[in-house]
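Given the structure is predicted, the values throughout are model-derived calculations rather than measurements. Throughout, numbering of the chain's residues begins at 1 and tracks the sequence.
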Amino acid sequence: MDVENSYKGMKFDELPDIYVIFITEHDYYGRGKAIYRVRRTVEDDNSLYGDGSNILYVNGQYRDDNDIGKLMHDFCCSNPDDMLIPMLAERTRYLKNNEKEVKHMCEQMERIENKGVAKGIGIGETNKAKDMAINLNDMGVDIEVIAKSANVSVDQVKEWLAKK
């Protein structure tokens, strides 16, 4: 949580809810739903933990004639002319065809890459999976679910968590 969202003496129940949203390439749970909501529970009685943390898995394969279906369609489009949401198509067209914006994006990506290299890490898929695994673990997600989400072995997740 960002420290700007809290203050000294703030009570636990005053903390804002936190949402972590994963847009997966495939239907992770295989049930054909647009969104899967994950919440932490107390194992003894299956009651909600109540810490305000929420995890959403958005099915990137989901297609329907609703907002999520259209958004997932548009996220997979490289050509703004194929997009269904006019505002997203317009903004994508602007960002892809505006030389100043393209240059800015390239500079930002280079800055991010250089920052990672300076810390001794790259920005490859392995590091993204590792970061995701650590965040999910911090939220109480089971290691086997983390491994499946990151598409790595349980042993790999344990190794990452041991080094955090």
Side-chain angles (χ1 to χ4, degrees), residues 1-2 5 16-41 46 48-49 51-98 101-117 119 121-161 164:
M1 176 182 13
D2 191 338
N5 290 325
D17 286 353
I18 297 172
Y19 288 83
V20 177
I21 302 170
F22 296 100
I23 300 175
T24 61
E25 185 176 355
H26 304 287
D27 185 356
Y28 177 75
Y29 290 99
R31 297 181 195 148
K33 293 179 67 176
I35 298 174
Y36 301 96
R37 291 165 177 82
V38 178
R39 297 177 87 183
R40 292 170 28 156
T41 59
N46 253 0
L48 288 178
Y49 183 64
D51 66 348
S53 66
N54 301 274
I55 303 171
L56 303 177
Y57 284 87
V58 181
N59 175 2
Q61 287 182 316
Y62 182 80
R63 301 292 185 273
D64 203 344
D65 192 29
N66 58 30
D67 291 340
I68 295 291
K70 291 175 184 177
L71 184 63
M72 291 304 99
H73 169 272
D74 288 1
F75 277 4
C76 293
C77 290
S78 57
N79 183 350
D81 295 333
D82 296 333
M83 293 182 170
L84 302 173
I85 302 171
M87 184 173 66
L88 185 57
E90 179 183 324
R91 185 68 179 155
T92 302
R93 191 175 293 107
Y94 172 77
L95 292 172
K96 287 185 119 183
N97 298 323
N98 180 310
E101 293 300 323
V102 170
K103 182 180 177 196
H104 176 72
M105 182 59 70
C106 289
E107 289 169 353
Q108 292 303 311
M109 290 304 296
E110 186 175 320
R111 185 181 64 80
I112 291 168
E113 184 175 9
N114 289 339
K115 187 176 180 181
V117 169
K119 290 182 176 181
I121 58 172
I123 58 170
E125 293 301 314
T126 300
N127 289 312
K128 291 178 186 177
K130 179 181 176 182
D131 291 344
M132 179 185 74
I134 291 169
N135 288 334
L136 288 173
N137 180 257
D138 289 346
M139 289 183 267
V141 177
D142 183 74
I143 289 179
E144 290 179 8
V145 173
I146 295 171
K148 188 172 182 182
S149 300
N151 200 25
V152 298
S153 69
V154 170
D155 289 337
Q156 178 64 71
V157 172
K158 288 178 180 178
E159 181 181 323
W160 287 338
L161 296 176
K164 78 172 191 172

Of all heavy-atom pairs between [X] and [Y], which one has the smallest distance, and what is that distance?
X: Ala34; Y: Ile68; result: CB-CG2, 3.6 Å
X: Leu161; Y: Ala133; result: CD2-O, 4.1 Å
X: Gly60; Y: Cys76; result: O-SG, 4.3 Å
X: Ile146; Y: Val141; result: CD1-O, 3.4 Å

Legend entry - Where at least one partner belongs to residues 60-72, residue pairs that pass side chain to side chain donor-acceptor pair (under 3.5 Å), sequence neighbours excluded: His26-Gln61, Tyr62-Asp64, Tyr62-Asn66
Inset, instruction - Please name the residue in the list Asp138, Asp51, Asp142 that meets the salt bridge (charged side-chain N to carboxylate O under 4.0 Å, His left out) test with Arg40. - result: Asp51
Check whether any side-chain N or O of [X] sits under 3.5 Å from a backbone N or O of [Y] as a donor-acceptor pair, and report yes or no.
X: Asn97; Y: Arg93; value: yes
X: Ser53; Y: Arg39; value: no
X: Asn54; Y: Tyr19; value: no
X: Lys96; Y: Ser78; value: yes
X: Asp82; Y: Cys77; value: no
X: Asn135; Y: Asp131; value: yes
X: Asp27; Y: Asn59; value: no

Evaluate the side-chain proximity of [Y] to [X]: yes if any heavy-atom separation is below 4.5 Å, no if none is.
X: Thr24; Y: Tyr29; answer: no
X: Leu136; Y: Ile55; answer: yes
X: Val157; Y: Asn137; answer: no
X: Met132; Y: Lys128; answer: no
X: His104; Y: Gln108; answer: yes

Inset, instruction - Starting at CG of Asp74, measure out to CE of Met87 and round the result to the nearest 0.5 Å. - result: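 Answer for the CG-CE pair, Asp74 versus Met87, is 10.5 Å.
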Legend entry - Spatial distance of atom CD (Glu90) from atom CE (Met83) [nearest 0.5 Å]: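 Going from CD on Glu90 over to CE on Met83, the span is 12.0 Å.
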Inset, instruction - Under the ring pair (Phe, Tyr, Trp, His ring centres under 6.0 Å) rule, collect the residues that match up with Phe22, sequence neighbours excluded. - result: Tyr57
